[in-house]
Amino acid sequence: MKNGAKLTDLNPSWWKETIVYQIYPRSFQDSNNDGIGDLRGLINRLDYIAELGVETLWLNPIFSSPNDDNGYDISDYRNIMDEFGTMEDFEELVREAKKRNLRILMDLVLNHSSDEHAWFHQARKSKDSPYRDYYYWKESTENGQEPNNWVSYFAPSAWEFDEQTQEYYLHIFSRKQPDLNWENPQVRQEIYDIMHFWMNKGIDGFRLDAFVLISKDLDFPDCQESDLEEGLSRFYGNGPRMHEFLQELHQEVISKYDMMTVGEGAGINSEEAILFTDPQRKELHMIYHFDHMTIDKQPGQFFLLKDFDLTTFKKIITDWDQVVQEGGWNAVFLGNHDFPRILSRFGNDGVYKKEAAKLLCILLLTQRGTPFLYYGDEIGMSNVPWESLDKFRDIYVFDGYEKHLKARGSEKEFLQNLKHTARDNGRTPMQWNTSLNAGFTDGLPWIEVNPNFEEVNVETSLSDPDSILNFYKKMIQFRKSNSILVYGDYQDLCPEHPSLFIYSRKMKDEAILVVLNMSEKTEEYSIPNTLKVEKCIISNYHGLPKKVDQILALRPWEARIYEASLVKL
Ligand code: GLC
Ligand code: CA
């Protein structure tokens with residue numbers, strides 16, 4: 001809060017206070033043993049979710065889809081994917097969720113449809129089809145090349161030649177995900193109608209998939225190879241009509257409900273972020289950014305690692321907090337279905353896994369912004385140890401493999417990196433118990449269960465008072481009962497330290513101090529004399545330190561929360 005702002009200045013809202021739990025329905029719980037998670041399975045697990053204490057569920061897409069990109073290629077926006085169940089199952093899910101005070105966010109893929117959507121079937125039939133303009137079509141260049149050099153995430157080129165009408169269509173993702181043309185008002189109206197359709201079924205909002213791409217540079221300029229990395233924000237997306245489209249969407253849909261929207265803000269930087277979430281501009285409630293999702297990757301590479309640097313990470317968090325200081329809001333997350341497991345990536349999945357998983361839980365639940373938890377992180381699920389390509393399922397992996405071989409030629413390098421970077425790391429079945437396939441299915445799971453399930457699973461965690469799961473439950477209650485954690489001022493107290501992350505949250509005269517040692521070494525920290533530390537209230541090691549010293553010695557991956565008060569000097 002800036003200069004003594006009051007809580008009311010921050011416009012308290014349920015979507016700021018809620019804790020979101022993201023579910024990848026394909027991997028959560030199978031109920032009919034076809035190896036694929038489904039809505040009935042999810043309904044059967046709602047008690048588990050409610051007991052966790054979270055209040056909002058984000059479901060990855062559950063609409064009809066041929067699953068080229070696991071549901072992000074939608075062939076019918078008003079129906080449920082066959083593998084996941086029926087509309088009746090969905091309606092029951094909404095009812096059962098409401099009984100447990102759980103809200104539901106659906107995942108709206110608004111930048112592209114499936115090539116198997118009726119709109120695209122019509123569009124590709126002829127240049128005169130009334131649906132032709134639902135998509136982007138272009139002729140080839142004079143020398144018979146693609147209209148420009150844009151690269152697709154999931155294919156070599158973002159353009160695919162269509163024999164029937166002898167033109168190319170644009171697909172920033174796979175060939176089976178043609179981009180919808182938001183310049184066409186009918187397309188926008190279709191999307192608004194779809195949103196109303198689902199809101200009227202009783203859901204509470206949407207996560208807006210890849211929304212940054214809906215406004216493009218209509219000159220479709222070639223970009224230099226060195227620019228491709230930035231293509232997302234400079235060419236493919238965040239175009240001249242970006243904010244106009246979002247304001248229209250707000251006017252047509254968002255303003256009509258008490259709902260929540262969270263946009264997937266890939267490519268948006270912290271300086272422009274306020275434009276998307278300033279309530280006065282009437283666009284979105286929050287976006288989540290990718291700045292900390294690229295810091296351990298080689299420039300422009302999704303699959304190739306580089307070392308994680310904590311000081312950069314902390315700077316990113318501070319930069320983004322500016323958005324809240326300016327009146328906007330943030331989403332806080334460390335992982336989701338597009339990234340590896342947080343424990344392996346930002347924590348430690350070896351000897352200190354329990355401590356590290358709890359530390360990350362504290363980190364997620366003490367930041368300013370709406371926290372997004374991802375299924376399985378609450379029991380300490382980690383990356384997979386797979387050595388061969390055939391274990392992977394993600395289209396991004398297979399395309400990445402082709403591109404990597406072409407550019408660098410080393411299969412070994414790619415496979416070694418995959419274990420740390422592939423999206424499939426975060427998509428393996430939820431580990432419920434020690435029975436066959438971790439209790440996810442009695443059939444053949446669509447993707448293998450992480451072999452560590454005998455140790456890492458819900459059943460074992462529930463019976464261990466010291467488990468990661470029980471720690472999550474405690475922390476969730478702690479956040480829910482302390483509005484300082486939602487709204488209080490955020491300050492990084494030692495931005496330069498390479499392995500300690502120490503920050504305060506302040507509101508009126510109250511303060512909370514969070515101390516995190518994100519390394520395997522013991523580290524010391526002197527509390528600044530502007531803070532008087534009263535007592536340690538949460539720790540990820542056994543027992544709470546009784547004595548409070550101004551100098552703290554923090555053991556490997558140790559995390560503590562202190563109550564503090566401000567000292568006027
Ligand atoms: C978003 C989704 C990702 C998907 C892509 C294309 O980035 O999170 O999973 O592959 O959009 O829809
Ligand atoms: Ca199933």
Side-chain angles (χ1 to χ4, degrees), residues 22-45 58-63 65-75 77 80-86 89 105-115 117 152-155 158 170-180 206-214 232 236-237 262-268 287-290 293-294 302 331 333 335-340 372 374 393-400 422-427 429-430 437 439-447:
Q22 182 192 346
I23 290 171
Y24 200 65
R26 207 175 181 76
S27 296
F28 201 61
Q29 178 69 69
D30 181 15
S31 71
N32 61 353
N33 294 327
D34 65 352
I36 299 174
D38 45 54
L39 296 186
R40 177 104 347 243
L42 171 51
I43 294 169
N44 295 341
R45 292 297 185 182
W58 153 20
L59 308 181
N60 289 98
I62 57 172
F63 316 96
S65 166
N67 282 307
D68 196 45
D69 182 23
N70 287 359
Y72 283 95
D73 45 322
I74 299 174
S75 53
Y77 286 82
I80 301 295
M81 190 191 297
D82 288 342
E83 288 99 321
F84 287 173
T86 61
D89 294 333
L105 304 181
M106 290 183 93
D107 203 325
L108 187 73
V109 187
L110 71 183
N111 174 67
H112 43 270
S113 72
S114 163
D115 67 339
H117 193 290
S152 152
Y153 283 98
F154 302 158
L170 179 68
H171 60 92
I172 302 288
F173 295 95
S174 93
R175 295 180 180 89
K176 290 183 67 62
Q177 294 170 295
D179 280 49
L180 285 163
F206 296 94
R207 176 252 187 194
L208 304 182
D209 179 67
F211 81 89
V212 178
L213 296 167
I214 60 179
L232 185 67
Y236 307 180
V262 51
E264 187 198 26
I268 301 299
I287 62 174
Y288 67 84
H289 68 83
F290 278 53
M293 291 293 120
T294 50
F302 185 83
F333 80 110
N336 62 34
H337 66 292
D338 287 329
F339 300 101
F372 283 67
Y374 187 53
R393 295 288 175 270
D394 182 9
I395 180 173
Y396 203 6
V397 166
F398 301 113
D399 176 65
R423 307 197 292 183
D424 283 335
N425 280 297
R427 296 179 176 184
M430 179 65 172
N437 297 319
F440 166 68
T441 181
D442 288 343
L444 187 66
W446 72 276
I447 189 168

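Side chains included, hydrogens not; waters and symmetry mates left out as well; all remaining heavy atoms used. Values in this document were obtained by computation on a predicted structure and should not be read as measured data. Whatever order the structure lists ligands and atoms in, that order sets their numbers, starting from 1.
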Query raised in the report: What residues, two or more places apart in sequence or in another chain, satisfy ring pair (Phe, Tyr, Trp, His ring centres under 6.0 Å) together with Phe173?
Result: His112, Tyr153, Phe154

Query raised in the report: Does a donor on one side chain sit under 3.5 Å from an acceptor on the other, for Ser174 and Asp68?
Result: yes

Report task. Could you please tell me which protein N, O or S atoms lie under 3.0 Å from the Ca ion (ligand 2)? Result -> Asp30 OD1, Asn32 OD1, Asp34 OD1, Ile36 O, Asp38 OD2

Query raised in the report: Less than 4.0 Å between a side-chain N and a carboxylate O, is that true for Arg423 and Asp394?
Result: yes

Query - Within the protein, residues bringing a heavy atom under 4.0 Å of ligand 1, chain by chain - result: Asp69, Tyr72, His112, Phe154, Phe173, Gln177, Arg207, Asp209, Glu264, His337, Asp338, Arg423, Arg427

Query raised in the report: Does Asp38 use its side chain to pair, donor to acceptor, with the backbone of Gly85 at less than 3.5 Å?
Result: no

Query raised in the report: So is Arg393 actually on top of Trp446's ring, under 6.0 Å and inside 45° of the axis?
Result: no

**Report entry** Residues Asp179, Tyr236; criterion side chain to side chain donor-acceptor pair (under 3.5 Å); working and verdict
**Finding:** CA-CA 11 Å; Asp179 280 49; Tyr236 307 180; over 6 Å; no

Query raised in the report: For the ring pair Phe290 and Phe339, is the centre-to-centre distance below 6.0 Å?
Result: yes

Report summary line: By side chain to side chain contact (heavy atoms under 4.5 Å, CB included), Pro61 pairs with (sequence neighbours left out) Phe63, Tyr72, Asp107, Val109

Query - Short side-chain to backbone donor-acceptor contact, Asp30 and Gly35, under 3.5 Å - result: yes

